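Worksheet for the structure shown next.
Quick note on labels: first sequence line is chain A, next is B, and so on, each numbered from 1. All of these numbers come straight from a predicted model, not from anything done at the bench.
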Amino acid sequence: MDIVFFGSSQFAVPSLKALLASTHSLRCVVTQPDRRKGRHLFCSPTIVKSTAVAHNIKVFQPDQVNSGASVNFLKDLHAGLFVVVSYGNLLSEDILAIPVHAAINIHASLLPAYRGAAPINWALIRGENVTGITIFKLAKEMDAGPILAKREVAIDADDDASILENRLADASAPFLLSALDSIESGKAAFFPQDARMVTLAPKLKKIDGLIEWQKPAEQIHNLVRGCIPWPSAFTYYKGKLLKLYKTAVLPFTASHAKALPGEVVAASKAGIEIACGSGAIMILELQIEGKRRMTAEEFIIGHKVCIGETFYKK
RNA sequence: CGCGGGGUGGAGCAGCCUGGUAGCUCAUUAGGCUCAUAACCUAAAGGUCGAGAGUUCAAAUCUCUCCCCCGCAA
């Protein structure tokens with residue numbers, strides 16, 4: 001089939017590579033414009049653009065993908081199918097109507113659950129054991145179109161959002177190819193989503209990573225897992241921002257009950273124990289403002305963490 | 001020129017403001033203690049103080065330039 005691929009972030013790369021290696025013909029890759037980003041606001045291309053350029057695929061980077069000029073450009077490609085994977089922009093109905101077959105999307109959740117920009121993060125934050133990927137036909141409303149196929153992916157206890165994203169992205173690639181087969185052979189069937197089962201997974205904001213220590217240990221641990229690599233779960237220590245990268249939930253003990261939420265219960269090579277609203281967590285990897293990411297053991301050597309100190313606002 | 005913090009033995013930090021012998025905790029090595037130990041005691045090794053230039057009798061410390069890391073922001 002003649003395919004136009006829309007994608008921007010890392011999640012789209014395995015699917016793009018699968019298409020490049022397949023018998024399908026990639027007419028064009030549409031991705032977000034190069035943006036100024038990073039510490040010194042350098043202009044850099046999306047990872048999808050870099051991948052496409054490396055394979056000599058034509059790249060299209062409209063500032064306004066839904067503009068008339070952009071729509072005309074896409075029409076002239078005469079594509080059979082649009083494949084959209086973490087592109088980063090809502091596509092207008094005019095665009096969705098262009099391809100001969102359909103415009104399909106790979107979404108990193110089992111729709112209709114976790115509709116939105118951050119399904120992986122929210123699934124972890126909510127403590128889910130299972131998530132998955134869904135291929136569906138794009139519709140006007142975000143993540144609401146009829147479903148072609150779903151595939152479950154288990155969430156391991158040690159997964160953080162970064163690890164899980166990679167696994168889901170890898171699983172997406174062969175799943176996409178099989179979906180293309182079913183569309184090409186005319187056997188594809190699309191089923192509408194059950195509106196009663198819809199849940200939302202909006203884009204994360206910085207403040208979503210703020211740790212509220214009065215919450216149960218499990219919830220804080222899940223927040224840490226879900227906020228990797230951005231915004232990262234954070235708190236404050238001696239007035240400085242402190243990001244937590246890896247934690248573990250501890251069995252409940254009497255000393256945890258006596259301590260206030262956010263208070264240091266113990267600090268050793270094994271990690272830093274912090275009391276929560278119920279139970280406690282062990283901090284294993286962290287990063288203080290201005291320093292690199294380090295293990296709790298390294299942190300304790302340099303910073304004299306004392307029992308009774310608080311990891312909280314200041 | 002978006003704003004800010006930082007670079008000091010292998011790891012994490014103090015020292016800088018107010019220039020004058022390189023300091024702390026941990027790790028490492030050797031010895032000791034111990035039934036034994038990742039515990040404890042003693043000792044040792046290990047540093048171009050990110051790089052370069054400048055000021056000075058003298059620079060980790062003051063000035064300038066550059067490199068690298070991190071936080072904010074987007």
Let me know the distance between [atom1] of [X] and [atom2] of [N], rounded to the nearest Å.
X	N	atom1	atom2	value
A:K304	B:A11	NZ	P	18 Å
A:L242	B:C72	CG	C1'	16 Å
A:H303	B:C70	NE2	P	16 Å
A:K205	B:A73	NZ	P	14 Å
A:Y245	B:G71	OH	P	5 Å
A:I288	B:C13	CD1	P	9 Å
A:M294	B:G71	CE	C1'	13 Å
A:K291	B:G7	NZ	C1'	7 Å

Could you identify the nucleotide paired to [N], looking across every strand shown and requiring Watson-Crick or G-U wobble geometry with both distances under 3.5 Å?
N	value
B:U25	B:A11
B:G20	B:C57
B:G46	none
B:G4	B:C70
B:C64	B:G52
B:G31	B:C41

Below the 4.0 Å mark, does [N] have OP1 or OP2 next to a side-chain nitrogen or oxygen of [X]?
X	N	answer
A:K240	B:C72	no
A:K269	B:A27	yes
A:Q287	B:C70	no

Looking only at atom [atom1], what distance separates [N] and [M], rounded to whole Å?
N	M	atom1	answer
B:A27	B:G12	C1'	11 Å
B:A59	B:U48	C1'	15 Å
B:A45	B:U55	C1'	37 Å
B:C49	B:C24	C1'	16 Å
B:A51	B:C41	P	36 Å
B:C67	B:G52	P	15 Å
B:C33	B:U42	P	15 Å
B:G6	B:A60	C1'	15 Å

Worksheet item: Do the rings of A:F311 and A:Y237 sit parallel, tilted or perpendicular, given the 30° and 60° boundaries?
Response: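 Tilted.
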Worksheet entry | Parallel, tilted or perpendicular, as decided by the 30° and 60° cut-offs, for the rings of A:H256 and A:F252 |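 Geometry flag for A:H256 against A:F252: perpendicular rings.
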Proximal nucleotide (of [options]) relative to the [X] side chain:
X	options	result
A:R292	B:U25, B:C69, B:A74	B:C69
A:I301	B:U25, B:A39, B:G71	B:U25
A:E289	B:C13, B:G71, B:A38	B:G71

Worksheet entry | Sub-4.5 Å side-chain heavy-atom contact between A:L164 and A:S162 | no
Discussion item. Taking A:L81 as the starting point, is it possible to reach A:V30 by hopping between hydrophobic residues whose side chains are less than 4.5 Å apart?
Written reply: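 No, no single cluster joins them.
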Discussion item. Please tell me whether A:Y87 and A:L138 are part of a single hydrophobic cluster in this structure, the criterion being side-chain heavy atoms less than 4.5 Å apart.
Written reply: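 In one cluster: yes.
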Worksheet item: Taking everything shown except A:K150 itself, do over 12 heavy atoms lie less than 6.0 Å from its NZ?
Response: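 Atom NZ in A:K150 is packed in, count exceeds 12.
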Item to complete: Could you check whether A:E297 gets within reach of a base, just the sugar-phosphate, or nothing at all, counting any heavy atom under 4.0 Å?
Response: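 No contact.
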Discussion item. For A:E298 and A:P231, find the nucleotide of RNA chain B closest to each by heavy atoms; which residue's nucleotide sits nearer the 5' end?
Written reply: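 Closer to the 5' end of RNA chain B: A:E298.
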Worksheet entry | 5′-ward residue of the pair A:R36/A:K206 relative to RNA chain B | A:R36
Item to complete: In plain terms, say whether A:D159 and A:R225 are close enough for a salt bridge, that is, a side-chain N and a carboxylate O under 4.0 Å apart.
Response: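 Salt bridge between A:D159 and A:R225, a charged N being under 4.0 Å from a carboxylate O: no.
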